Number of protein chains: 4
Amino acid sequence: MKELSQKNLTAVIHPRPQNSHKGTFGRAVLVGGNETYGGAIIMSAEAAVKSGAGLVSVITAEKNHSALHARLPEAMVLHWELTQETSDVLASSDVILIGPGLGLSKQGHDLLREVLLKQKASQWLIIDGSAITLFAQMGCSLNYPKQVIFTPHQMEWQRLSGLSIVDQTKENNQLFQKKLGATIVLKSHRTEIYTPDENYKNPLGTPAMATGGMGDTLAGMITGFLAQFQDKKAALLAAVYLHSLIGEELSKTCYVVLPTEISKHLPQYMKYFENLDRKTEEK
Amino acid sequence: MKELSQKNLTAVIHPRPQNSHKGTFGRAVLVGGNETYGGAIIMSAEAAVKSGAGLVSVITAEKNHSALHARLPEAMVLHWELTQETSDVLASSDVILIGPGLGLSKQGHDLLREVLLKQKASQWLIIDGSAITLFAQMGCSLNYPKQVIFTPHQMEWQRLSGLSIVDQTKENNQLFQKKLGATIVLKSHRTEIYTPDENYKNPLGTPAMATGGMGDTLAGMITGFLAQFQDKKAALLAAVYLHSLIGEELSKTCYVVLPTEISKHLPQYMKYFENLDRKTEEK
Amino acid sequence: MKELSQKNLTAVIHPRPQNSHKGTFGRAVLVGGNETYGGAIIMSAEAAVKSGAGLVSVITAEKNHSALHARLPEAMVLHWELTQETSDVLASSDVILIGPGLGLSKQGHDLLREVLLKQKASQWLIIDGSAITLFAQMGCSLNYPKQVIFTPHQMEWQRLSGLSIVDQTKENNQLFQKKLGATIVLKSHRTEIYTPDENYKNPLGTPAMATGGMGDTLAGMITGFLAQFQDKKAALLAAVYLHSLIGEELSKTCYVVLPTEISKHLPQYMKYFENLDRKTEEK
Amino acid sequence: MKELSQKNLTAVIHPRPQNSHKGTFGRAVLVGGNETYGGAIIMSAEAAVKSGAGLVSVITAEKNHSALHARLPEAMVLHWELTQETSDVLASSDVILIGPGLGLSKQGHDLLREVLLKQKASQWLIIDGSAITLFAQMGCSLNYPKQVIFTPHQMEWQRLSGLSIVDQTKENNQLFQKKLGATIVLKSHRTEIYTPDENYKNPLGTPAMATGGMGDTLAGMITGFLAQFQDKKAALLAAVYLHSLIGEELSKTCYVVLPTEISKHLPQYMKYFENLDRKTEEK
């Protein structure tokens, strides 16, 4: 397994093209947040906006809209029903994240089914949280294109792959990744990434990050990075590494690192690595 | 085309008169924010309040009121229906902004029609976002006075002027401005301003500002500047220039600049240019 | 007229008694905030809590509760209906503020009437904003005790006293104060205070404070000061002076000073003057 | 009585185990916040999350959900009804806090009854605020296990123990603690802790903390500490001491210390004492 490093950041976080507009940096749609887990999709949305997605829309239970706007007026909101409007918004997106706080109800099931059935060849799809469990329940029988990233923690990976946690060895994980075709971000205190062509290990991460919402924030960052950067695999690796890097940095002064604190610091950290890259190139 | 510069700020941002009250700095009414795009009008309101409008009222879908108050208790809120109360508030305003997050529904159409029909000779009107599209759909047949500023991006300008993006040359833009009579703020990475007597180019702007809500914030700043400063054209030029200047400054430490961060820094930047002016005069 | 000075602060803001609890610093009830002006009572509540009232309850339209809690979970909320619960909360309070964002509807009228009729000899009452207009409409015919402070701006003072703005001379104001019995805080860029025994002038204040909500914040500060300090007149004078002093200090770096920024800085400024006092006494 | 000291912090706040996940740091469920006192449970939740509980769920009146998410998306929310879902969440928790802002209605009574009846031998229960009064009204006749902490102020202790405030001597308090079996945190300006094997006195605390919500914050901190640290008595002592220590530190620059400010600073203070411990051990 290749180990992620700072080079994964400088390879991706470059100066933005001068003649650009918000569309240049991608349209992201986030689907999740039921009546109980609304905070999850709010945290994902903060990470997507603050990591630089051009336009972010959130499809979530209506009771979450006010809190989302109170924290993040930059995002648009839609009720999580399959209407023409939600269909249009999904169809016009570049990246779709589904799962944070989605829950296991029929509502979540129907949304996931819609997203899987209608995914276009040009769209990337990130399947996180309860959507992974729902996907496993569906029996993987749906026909869908390959630009899919799953972001399970170990229990969700067990549900998806059938591998019990003790059997989640690199070899077994890799075998199941091949079967599934999609990219796997297997989250743990040392996250592993299984892609069609290569596997990666994240050397960073701290127990200060072991708190509810950290995965929702990572999913939002991956969404934001995929929305704006062209090399999707490189964008994914950068998002995973940066998430842990910021967490480790903040943990130097914080016993517990809140997920929303990671998002808050994204613009500064991304700038730092943009500049680092530029300086290196100038030499 | 004249190029905007720091002089456009020092020409406008002067020490406030000592014997003044909130009415001295103008009543602004902002109309927009439907069920999906509520964040847009919230961002405009933040920009209007923090740039110094004396009193700010927001006419928006009721579901946005709580989030608006949670972020900005300084603003008043009204449901976006044509009641006696909304009519009275519109009639007593000095500046009206319509459009951010308004949407293209009948509701938005009716509000725009009301605003256009009742605009007084003493009132300035800023037409932004979906209100530009609605205005174009109305066929420009409504009778309205000249104190109107349109703030289209290139696609909205195409809808309004009929000029495709490649045909949006200075000459063509200027010709259509003459036809329309109103002032045009044509937003792009180098915004241009077409007024009845002169045209301007903004030399500032950064791709870090290419994110959803940046235009809503600019529209709110223009509203705040027109509300409080007497020379309306000078106020417009200052608002456009300052919006980009703050964005560029913040982009020195942020990979992406959130629109709400621009508003947050308005009081400090305006103070800086007020002092600069005073110091220059004292010499 | 006596001029307010820093001595009005050090005379009041002393070290708190060691053996105390939240009840020691008073129960304040704030009544206001209709469907449109909810922000007003939110700003008053922030000022009351952050200036140190022991317990703050807010009686306001239910649609404002969520935004109030989102900004200030320290306050309790009640719907603005005359129920047994609101009656009990009013009866058990030490200070009542009525008026910020109350509006002129029957709802507001009934609440003001209730408050005036039931005011106890031990309670102080601050009548602000639309409650002043309502009080004037009632014809001052209600029977009420003397611990009342009115906080009108010049137009509201005209409605209450019948004095047109040009006739609002010190002599005329003083005459009407005698007639009314209550204390008057006549707000302008140089606020004047008329009390039964002496009149005062505030030398501070800046046009950077001329923005919507500044009066609501002052009313909240007066409430917080009266709740916790024993000498009520001295507390009032201190609140008026400190409000302007913080405004002037913040205006050194801000072109416009938001009312909520004043409240945010209250704990620090009050500490500064507590320490100043202690140091002076030690000499 | 033993006096609490900094050693109570370094004994508990250790570096977290490397190979951990959010479940390692405990599931906390917080029950409280009726239609009027929603802010109380919001403040408890902030303290529980920011002190490091792994997962925090809040069972509260639905009208509080939006404000809670606006401040703290890290928490999950459930309506305060006895449904299968609330039952399941309670059953799967490690620590339950009931009481902040709960009120004395039947709703609160039924929730407390459910919690008491179903408490498992593996669960710790903190009974605070109105739940103490409700518990007293129930006549202590319910059968419940011993891992219970009551956090009364003096009036609530009177209701629970029958001891009038003047009779609340160490001896009497200790006698009633023996009768009750549970641990008692008797809050005052010098909080006392009565446990089955030993009693403690908190030497810290400042009148700047005498403001509404401070007890809700303490209850949330105790919950967060019990969720993540194994030695429950040591965790309780540390939470009580740290709450006052942060309050005292903040009171050096703030005349009044808001409860939410204590929570905001938790991650930094806990880090400080983690490091202090590590440095001491290295010598």
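The sequence lines fix the lettering, A, B, ..., with proteins before strands; numbering per chain opens at 1. It should be emphasised that the depicted structure is a prediction, and the values quoted were computed from it without experimental measurement.
- Looking at A67(B), there are no atoms closer than 4.5 Å to chain C (heavy atoms on both sides), in backbone or side chain.
- Between Y200(B) and Y241(B), the gap from one ring centroid to the other reaches at least 6.0 Å.
- Between chain C and the residues E74(B), K22(B), H79(B), the largest count of heavy-atom pairs under 4.5 Å involves E74(B).
- Taking L68(C), N64(C), V256(C) one by one and counting their heavy-atom pairs under 4.5 Å with chain B, the maximum is reached by V256(C).
- When heavy atoms are compared at a cutoff of 4.5 Å, E261(C) does not approach chain B at all.
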For this session: Could you walk me through whether H153(C) and H21(B) pass side-chain contact (heavy atoms from CB on, under 4.5 Å), step by step?
Result: CA-CA 10 Å; H153(C) 55 55; H21(B) 56 91; over 6 Å; no
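- Residue V58(B): no heavy atom, backbone or side chain, is found under 4.5 Å from chain C.
- Around NZ of K201(C), the count of heavy atoms belonging to other residues, nucleotides or ligands within 6.0 Å exceeds 12.
- With values rounded to the nearest 0.5 angstrom, Y269(B) atom OH is found 9.0 Å from L242(B) atom CG.
- Distance check, rounded to the nearest 0.5 Å: CG of L237(C) to CG of L4(C) gives 5.5 Å.
- Using modelled atom types and a 3.5 Å distance limit, the side chains of N172(C) and Q168(C) yield no donor-acceptor pair.
- With a 4.5 angstrom heavy-atom cutoff, A210(C) touches chain B via backbone and side-chain atoms both.
- When each of G38(C), G213(C), A70(C), G101(C) is checked for heavy-atom pairs under 4.5 Å with chain B, G38(C) comes out on top.
- Taking 4.0 Å as the cut-off between side-chain N and carboxylate O, D94(B) and K232(B) do not count as a salt-bridged pair.
- With a 4.5 angstrom heavy-atom cutoff, D216(C) does not touch chain B via any of its atoms.
- Using a 4.5 Å cut-off between heavy atoms, K187(C) does not touch chain B at all.
- The candidate with the highest count of non-hydrogen atom pairs below 4.5 Å against chain C, out of T24(B), L266(B), N19(B), L78(B), is N19(B).
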